[in-house]
2 protein chains.
Amino acid sequence: MNTLSYGLLSLLSKDSRTGYELMQHIQPFWPAKHSQIYPLLAQLEQMGYVEFVHVPQSDKPDKKVYSLTASGLKALQEWIGLPTDAPVTRDEFALKVYCIGLVDKDEAMKMLLERENYYIQKKEQYGESFEKVKRLSKKPLEELEIHDPLFGNYVLIRKATLKVEADLFWCEWMKSKLK
Amino acid sequence: MNTLSYGLLSLLSKDSRTGYELMQHIQPFWPAKHSQIYPLLAQLEQMGYVEFVHVPQSDKPDKKVYSLTASGLKALQEWIGLPTDAPVTRDEFALKVYCIGLVDKDEAMKMLLERENYYIQKKEQYGESFEKVKRLSKKPLEELEIHDPLFGNYVLIRKATLKVEADLFWCEWMKSKLK
DNA sequence: CTTGGCATGTAACCCGTTACATGATTTG
DNA sequence: CAAATCATGTAACGGGTTACATGCCAAG
């Protein structure tokens with residue numbers, strides 16, 4: 001059982017989903033390709049942590065809809081109580097910034113603006129996710145409490161938004177340094 | 001040539017270093033173990049991007065001090081101009097927060113405080129790095145410009161500090177949600 | 001008429017971690 | 001006396017990406 005496996009159980013604790021959907025929705029938390037997810041789902045099924053139903057479709061390919069079992073839920077809750085690994089970030093851009101003095105100001109500024117655009121797009125995406133959660137929720141988001149199914153979504157979007165705002169602030173600050 | 005290889009060249013563009021030192025100093029940018037670095041250095045040497053001198057030591061084991069060659073510098077500068085991969089973060093804590101509703105408020109608060117402590121320690125570390133750079137610099141840090149060898153260090157510590165402050169702000173906000 | 005989305009799976013490969021191996025000195 | 005630091009390396013394993021494979025439908 002690796003972290004990605006628990007990640008899949010985490011998503012399934014809220015909704016039954018196909019492998020394809022799991023692949024799409026786990027990206028913000030733990031990037032993974034379908035080629036990694038399908039074999040793990042087969043494993044989880046053999047361990048009895050998930051089960052699936054075949055759903056034939058006429059217009060699209062048939063699919064397998066996975067759900068969390070009682071023993072899967074138990075495993076998930078135990079994992080939450082276990083010590084948590086430190087986050088790992090790998091950012092090629094940071095390596096380039098470290099030795100940015102090797103290129104001239106113009107090229108450095110070009111790189112910075114590209115990265116700033118990337119952050120702007122991310123911020124927009126988080127804004128859309130926020131609106132989506134707002135629409136799904138009956139209560140105003142500030143009133144959501146821990147056991148609301150949307151609580152996790154809400155607080156993680158807030159976390160991502162704060163992070164991207166810090167990144168954009170840094171970009172602004174950097175621009176003044178490269179003038 | 002993978003990203004880590006360019007990372008090693010990036011560090012060597014500032015100082016000649018041993019594999020061991022490279023392993024220590026690349027951690028904030030691109031976490032890697034010595035077992036990954038030593039074979040890459042051997043490759044880089046065969047490609048002519050780095051060279052080394054044997055330095056016998058009496059008290060400690062002998063070492064190989066690596067330096068960047070002219071062709072290594074060229075490769076490094078070309079890499080900087082190439083498109084940059086998006087950053088990748090994997091955070092087990094985020095997965096747990098997503099389904100935090102599966103445990104009670106007390107356990108959730110315990111997890112949050114643990115993570116907050118982790119961030120506090122990180123912030124202290126960045127503070128120390130900042131002081132270290134300040135001591136090494138002849139000029140006040142705000143006056144460093146792009147071609148100063150300390151510029152990269154300075155702006156990356158600033159970036160990391162802004163990030164950890166955003167994380168701590170989020171923790172404070174979360175604590176009020178779990179009361 | 002080609003590209004992208006839906007939907008599943010396998011195989012080969014590269015990247016990264018853990019473990020094995022050695023050995024002296026310093027610190028607790 | 002045990003653990004940590006310096007210092008280098010290899011081997012085995014698990015995690016993650018790219019590529020191979022299939023096939024239908026919708027949109028540009």
Side-chain angles (χ1 to χ4, degrees), chain A residues 1-9 11 15-47 50-66 83 85-92 95, chain B residues 1-8 11-12 15-47 50-66 83 85-92 95:
Chain A
M1 285 292 288
N2 57 25
T3 308
L4 178 54
S5 300
Y6 285 110
L8 296 172
L9 298 185
L11 296 202
D15 290 297
S16 295
R17 288 191 183 282
T18 67
Y20 191 85
E21 288 171 326
L22 287 167
M23 181 266 291
Q24 293 178 313
H25 288 93
I26 207 161
Q27 297 307 317
F29 306 111
W30 201 275
K33 318 279 170 180
H34 72 273
S35 53
Q36 202 181 359
I37 288 171
Y38 289 127
L40 287 182
L41 282 171
Q43 265 182 236
L44 290 171
E45 196 254 322
Q46 278 213 325
M47 297 163 81
V50 302
E51 55 192 16
F52 67 89
V53 282
H54 267 285
V55 178
Q57 298 183 120
S58 48
D59 52 334
K60 296 178 209 171
D62 296 357
K63 60 186 180 181
K64 293 180 176 180
V65 177
Y66 287 87
D85 287 339
V88 173
T89 300
R90 286 199 170 85
D91 187 357
E92 193 177 23
L95 286 169
Chain B
M1 285 292 288
N2 57 25
T3 308
L4 178 53
S5 301
Y6 285 110
L8 297 171
L11 297 201
L12 290 175
D15 290 296
S16 295
R17 289 191 183 281
T18 67
Y20 191 85
E21 288 171 327
L22 287 167
M23 182 264 292
Q24 293 179 314
H25 289 93
I26 208 163
Q27 296 306 319
F29 306 110
W30 200 275
K33 318 280 172 180
H34 72 273
S35 54
Q36 201 181 0
I37 288 171
Y38 289 126
L40 288 182
L41 281 172
Q43 265 181 236
L44 290 171
E45 197 254 321
Q46 279 212 326
M47 297 163 82
V50 301
E51 55 192 15
F52 67 88
V53 282
H54 267 283
V55 178
Q57 296 184 120
S58 47
D59 53 334
K60 296 178 209 170
D62 296 356
K63 60 187 181 180
K64 293 180 175 181
V65 177
Y66 286 87
D85 287 340
V88 173
T89 299
R90 288 197 168 86
D91 188 358
E92 193 178 22
L95 286 169

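Hydrogens, waters and symmetry mates play no part in the numbers below; they use all other heavy atoms, side chains included. Since the structure is predicted, the reported quantities are computational estimates derived from the model, not experimental observations. Throughout, a chain's letter reflects where its sequence line sits, starting with A, and its residues are numbered from 1.
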Using a cut-off of 4.0 Å on non-hydrogen atoms, how would the nucleic acid contact of Q24(A) be classed: base, sugar-phosphate, or nothing?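 Since only primed, P, OP1 and OP2 atoms lie under 4.0 Å of Q24(A), the category is sugar-phosphate.
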
In whole Å, I'd like the distance from the [atom1] atom of [X] to the [atom2] atom of [N].
| X | N | atom1 | atom2 | answer |
| --- | --- | --- | --- | --- |
| Y20(B) | dT22(C) | OH | C1' | 15 Å |
| E92(B) | dT17(C) | CD | P | 15 Å |
| R17(A) | dC6(C) | CZ | C1' | 15 Å |

Can you tell me how far apart NZ (K64(B)) and NE2 (H54(B)) are? Round to the nearest 0.5 Å.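 Here the interatomic distance stands at 5.0 Å.
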
Measure the spacing between CZ of R90(A) and CG of L4(B) and express it to the nearest 0.5 Å.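 R90(A) atom CZ to L4(B) atom CG measures 8.0 Å (nearest 0.5 Å).
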
Would you list the protein and nucleotides 24-28 of chain C atom pairs, both N or O, that sit under 3.5 Å from each other?
none

5′-ward residue of the pair K63(A)/T3(B) relative to DNA chain C: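 It is K63(A) whose nearest nucleotide is closer to the 5' end.
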
Set of side chain to side chain contact (heavy atoms under 4.5 Å, CB included) partners for Y6(A), sequence neighbours left out: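 If we apply the side chain to side chain contact (heavy atoms under 4.5 Å, CB included) test to Y6(A), skipping adjacent residues, the hits are M1(A), L9(A), W79(A).
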
Partner residues of P87(B) under the side chain to side chain contact (heavy atoms under 4.5 Å, CB included) criterion, sequence neighbours left out: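 If we apply the side chain to side chain contact (heavy atoms under 4.5 Å, CB included) test to P87(B), skipping adjacent residues, the hits are D91(A), R115(A), Y118(A).
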
Taking salt bridge (Lys or Arg N to Asp or Glu O under 4.0 Å) as the test, write out the residues that go with D15(A), two or more places apart.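 So D15(A) forms a salt bridge (Lys or Arg N to Asp or Glu O under 4.0 Å) with R17(A).
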
Under the salt bridge (Lys or Arg N to Asp or Glu O under 4.0 Å) rule, collect the residues that match up with D62(B), sequence neighbours excluded.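 Once residues adjacent in sequence are excluded, D62(B) has no partner under the salt bridge (Lys or Arg N to Asp or Glu O under 4.0 Å) criterion.
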
First of V65(B) and N2(A) reached from the 5' end of DNA chain D, by closest nucleotide: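 By nearest-heavy-atom nucleotide position, the 5'-most residue is V65(B).
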
For the helix from dC1(C)-dG28(D) to dG28(C)-dC1(D), what is the angle between the axes at its two ends, each from 5 pairs, rounded to 10°?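 Here the local axes at opposite ends form an angle of 50°.
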
Count the heavy atoms belonging to other residues, nucleotides or ligands that lie under 6.0 Å from CD of Q57(B), then report whether that count exceeds 12.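 Yes.
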
For T3(B), check side-chain hydrogen bond (donor to acceptor under 3.5 Å, both in side chains) against everything at least two apart and list the hits.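 With sequence neighbours excluded, T3(B) shows a side-chain hydrogen bond (donor to acceptor under 3.5 Å, both in side chains) to no residue whatsoever.
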
Please list, chain by chain and in numerical order, all residues satisfying side-chain hydrogen bond (donor to acceptor under 3.5 Å, both in side chains) with N2(A), sequence neighbours excluded.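 S5(A).
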
Name every donor-acceptor pair, under 3.5 Å, that has one atom in a side chain of residues 20-41 of chain A and the other anywhere in the protein, sequence neighbours excluded.
from	atom 1	to	atom 2	distance (Å)
E21(A)	OE1	T18(A)	N	3.0
H25(A)	ND1	E21(A)	O	2.8
Q27(A)	OE1	A32(A)	N	3.4
Q27(A)	NE2	M23(A)	O	2.7
Q27(A)	NE2	A32(A)	O	2.6

At less than 4.0 Å, is any side-chain N or O atom of R90(A) found next to OP1 or OP2 of dC15(C)? Yes or no.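 It does not, given that no N or O in the side chain of R90(A) lies less than 4.0 Å from OP1 or OP2 of dC15(C).
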
Looking at Q57(A), does any N or O in its side chain come under 4.0 Å of the phosphate oxygens OP1/OP2 on dC6(C)?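 No, because none of the side-chain N or O atoms of Q57(A) sits under 4.0 Å from OP1 or OP2 of dC6(C).
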
Residue-level proximity of residues 31-39 of chain B to DNA chain D when a heavy atom falls under 4.0 Å: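 Residues of residues 31-39 of chain B that come under 4.0 Å of DNA chain D are, in numerical order, H34(B), S35(B), Y38(B).
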
On DNA chain D, reading 5' to 3', which nucleotide is the first and which the last to sit with an atom under 4.0 Å from a heavy atom of chain B, could you check?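 The protein-touched segment is dT5(D) to dT17(D).
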
